[in-house]
Amino acid sequence: MPANVKHATHLLKPLRLLLLGAPGSGKGTQTSRLLKQIPQLTSISSGDILRQEIKSESTLGREAATYIAQGKLLPDDLITRLITFRLSALGWLKPSATWLLDGFPRTTAQASALDELLKQHDASLNLVVELDVPECTILERIENRFVHVSSGRVYNLQYNPPKIPGLDDITGEPLTKRLDDTAEVFKKRLEEYNKTNEPLKEYYKNSGIFSTVSGETSDIIFPKLLDLITSKFGQ
Ligand code: AP5
Ligand code: MG
């Protein structure tokens, strides 16, 4: 267990969690913290998977890059096929699995395709949490963000800087800027998010598993998120 986690949290029931939130709201940051805190948990981030495909210059990566560089969402069928293939390959399609999704589903079409698949395996989502962070807070974070593409680890020069400037803490490999973290593309991503988020929220509110956690920083949000999870899934 990492030194900064005093007491690991053990869940008594399988958790299948989706994190929603604007670009830069901290989905990746909260995911890393939850993975450290809850040993049973595993996660995937659609954005991380796409960045790995871009790095490896695969056909899919080349196609994804054209959308990502413009701050646009990939077509629903393409991303749905990619992620559902991963879910199956990871062995997540079973009732006992505990996992977290970051960045997928993003639209109601993706959400209903996922629901259908999960229902067939008796492994439906059982918690959807929206990270609600003021937009003004988010904008200033992005300029300072650096990522380690292979692992998806996220750094911020002010909030959580790497131990050695420019290098990943675990592997020592170089950190990079995301191609969609420019002010112009970020604005477009926020617009896309604001278009798709309301219908998606409505979709999950209707399913009765939706909660919102609000706060200006990830340090305020994390304990609230963890409390929410332990209150529903046991400690
Ligand atoms: P994706 O990678 O999912 O990006 P996103 O949703 O835009 O979210 P981000 O990763 O930018 O933000 P985050 O919430 O993870 O924040 P983070 O923790 O890094 O998607 C990228 C693209 O892929 C999309 O635009 C789309 O083209 C495509 N795509 C992906 N999924 C898709 C789908 N389902 N359908 C179609 N297309 C899809 O935090 C942000 C920064 O803040 C970091 O630097 C962090 O260190 C810092 N930070 C965190 N907390 C604090 C704090 N308390 N104080 C200061 N800084 C902080
Ligand atoms: Mg992210």
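The analysis underlying the following values was restricted to heavy atoms, covering all of them including side chains, and did not include hydrogens, waters or symmetry mates. Predicted model only: the values in this text are computed from it and were never measured. In each ligand, atom 1 is the first atom listed, and ligand 1 is the first ligand listed.
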Original post:
For atom 42 (O) of ligand 1, which protein heavy atom lies nearest, and how many Å away is it?
Top reply: R141 CD, 3.1 Å
Original post:
Is a side-chain donor or acceptor of S46 paired with a backbone partner of G103 at a separation under 3.5 angstrom?
Top reply: yes
**OP:** Provide, to 0.1 Å, the distance between atom 18 (O) of ligand 1 and the closest protein heavy atom, together with that atom's residue and name.
**Re:** T29 OG1, 2.6 Å
Original post:
What atoms of ligand 1 come closer than 4.0 angstrom to any heavy atom of G28?
Top reply: 13 (P), 15 (O), 18 (O)
Original post:
Taking distance alone, with no angle check, do F186 and ligand 1 share an N/O pair under 3.5 Å?
Top reply: no
Original post:
Against heavy atoms of A22, which atoms of ligand 1 measure under 4.0 Å?
Top reply: 14 (O)
Subject >> Side chain to side chain, Y204 and P105, heavy atoms closer than 4.5 Å >> reply: yes
**OP:** Could you verify whether a donor N or O on one side chain and an acceptor N or O on the other, from D76 and T107, lie under 3.5 Å apart?
**Re:** yes
Original post:
For P23 and ligand 1, does the shortest N/O to N/O distance drop below 3.5 Å?
Top reply: no
Original post:
Would you say S218 has any N or O atom under 3.5 Å from an N or O of ligand 1, going by distance alone?
Top reply: yes
**OP:** Mind checking whether I79 contacts ligand 1 via backbone (N, CA, C, O), side chain (CB onward), both or neither, at a 4.0 Å heavy-atom cut-off?
**Re:** side chain
**OP:** Could you tell me whether the side chains of Y159 and D219 share a donor-acceptor contact shorter than 3.5 Å?
**Re:** yes
**OP:** Would you indicate whether K201, at its atom NZ, is surrounded by more than 12 heavy atoms from other residues, nucleotides or ligands within a distance under 6.0 Å?
**Re:** yes
**OP:** Give the contacting part of Q158 toward ligand 1: side chain, backbone, both or neither, where contact means a heavy-atom distance below 4.0 Å.
**Re:** neither
**OP:** Please determine, by modelled atom types, if E53 and S58 share a side-chain donor-acceptor pair under 3.5 angstrom.
**Re:** yes
Original post:
Which residue holds the protein heavy atom closest to atom 47 (C) of ligand 1, what is that atom called, and what is the gap in Å?
Top reply: N156 ND2, 3.5 Å
Subject >> Path from L175 to V147 over hydrophobic side-chain contacts below 4.5 Å >> reply: no
**OP:** Using a strict 4.0 Å cut-off to heavy atoms of Q110, name the atoms of ligand 1 that fall inside it.
**Re:** 33 (C), 34 (N), 35 (N), 36 (C)
**OP:** Could you check which of L20, L73, I54, L190 puts a non-hydrogen atom nearest to atom 38 (C) of ligand 1?
**Re:** L73
**OP:** I would like to know whether D227 and K224 meet salt bridge (Lys or Arg N to Asp or Glu O under 4.0 Å); could you show each step before the answer?
**Re:** CA-CA 5 Å; D227 276 356; K224 291 186 185 175; over 6 Å; no
Original post:
Which ligand 1 atoms, with their elements, are less than 4.0 angstrom from a heavy-atom of Y155?
Top reply: 44 (O), 46 (O)
**OP:** Could you tell me whether N160 approaches ligand 1 through its side chain, its backbone, both or neither, with non-hydrogen atoms closer than 4.0 Å?
**Re:** side chain
Original post:
Considering R106, E192, Q70, which one's heavy-atom position lies nearest to atom 6 (O) of ligand 1?
Top reply: R106
Original post:
Do L87 and H121 touch side chain to side chain, with heavy atoms closer than 4.5 Å?
Top reply: no
Original post:
With a 4.0 Å cut-off on heavy atoms, is R178 touching ligand 1?
Top reply: yes
Original post:
Is any NZ, NE, NH1 or NH2 atom of the basic residue among K195 and E191 found under 4.0 Å from an Asp or Glu carboxylate oxygen of the other?
Top reply: no
Subject >> Distance-minimising heavy-atom pair for T42 and T98 >> reply: OG1-O, 3.5 Å
**OP:** Inspect the contact between D181 and R189 and indicate whether a charged nitrogen and a carboxylate oxygen are less than 4.0 angstrom apart.
**Re:** yes
Subject >> Geometric N/O contact R189 with ligand 1, under 3.5 angstrom >> reply: yes
Original post:
Less than 4.5 Å apart, any side-chain heavy atom of S88 and any of L93?
Top reply: yes
Subject >> Any S25 heavy atom less than 4.0 Å from ligand 1 >> reply: yes
Original post:
Which is it for K72 and ligand 1 at heavy atoms under 4.0 Å: side chain, backbone, both or neither?
Top reply: backbone
Subject >> Side chain proximity check, E173 to H148, heavy atoms < 4.5 angstrom >> reply: yes
**OP:** For G24 and I138, work out which heavy atoms get closest and say how close.
**Re:** O-CG1, 3.8 Å
**OP:** For ligand 1, find out whether one of its N or O atoms is nearer than 3.5 Å to an N or O atom of L74.
**Re:** yes
**OP:** Please identify which atoms of ligand 1 are closer than 4.0 Å to at least one heavy atom of R51.
**Re:** 2 (O), 21 (C)
Subject >> Contact check, side chains of L101 and W92, non-hydrogen atoms, under 4.5 Å >> reply: yes
**OP:** Out of G24, G103, S46, indicate the one that has the non-hydrogen atom closest to atom 34 (N) of ligand 1.
**Re:** G103
Original post:
Has ligand 1 got any nitrogen or oxygen that is less than 3.5 angstrom from a nitrogen or oxygen of L50?
Top reply: no
Original post:
Do any nitrogen or oxygen atoms of N144 lie less than 3.5 angstrom from nitrogen or oxygen atoms of ligand 1?
Top reply: no
Subject >> Heavy-atom proximity to atom 40 (C) of ligand 1, best of E143, R145, E216, Q30 >> reply: R145
Original post:
Applying a 4.0 Å heavy-atom criterion (strictly less than), which segment of D180 is in contact with ligand 1: side chain, backbone, both, or neither?
Top reply: side chain
**OP:** Under 4.0 Å from a heavy atom of V154: give me the atoms of ligand 1 that qualify, with their elements.
**Re:** 19 (O), 43 (C), 44 (O), 45 (C), 46 (O)
Original post:
Looking only at non-hydrogen atoms, which of Y67, Y159, F104 approaches atom 55 (C) of ligand 1 most closely?
Top reply: Y159
Original post:
Does an N or O anywhere in G26 fall below 3.5 Å from an N or O of ligand 1?
Top reply: yes
Original post:
Would you call K119-E116 a salt bridge at under 4.0 Å N-O?
Top reply: no
Original post:
Where's the contact between F146 and ligand 1, heavy-atom distance under 4.0 Å: side chain, backbone, both or neither?
Top reply: neither
Subject >> Lys/Arg-Asp/Glu bridge criterion (N-O < 4.0 Å) met for D169, R153 >> reply: no
**OP:** Could you tell me whether D48 and ligand 1 have an N or O pair separated by under 3.5 Å?
**Re:** no
Original post:
Numbering the atoms of ligand 1 from 1, which are under 4.0 Å from a heavy atom of K27?
Top reply: 5 (P), 6 (O), 8 (O), 12 (O), 13 (P), 14 (O), 15 (O), 16 (O), 18 (O)
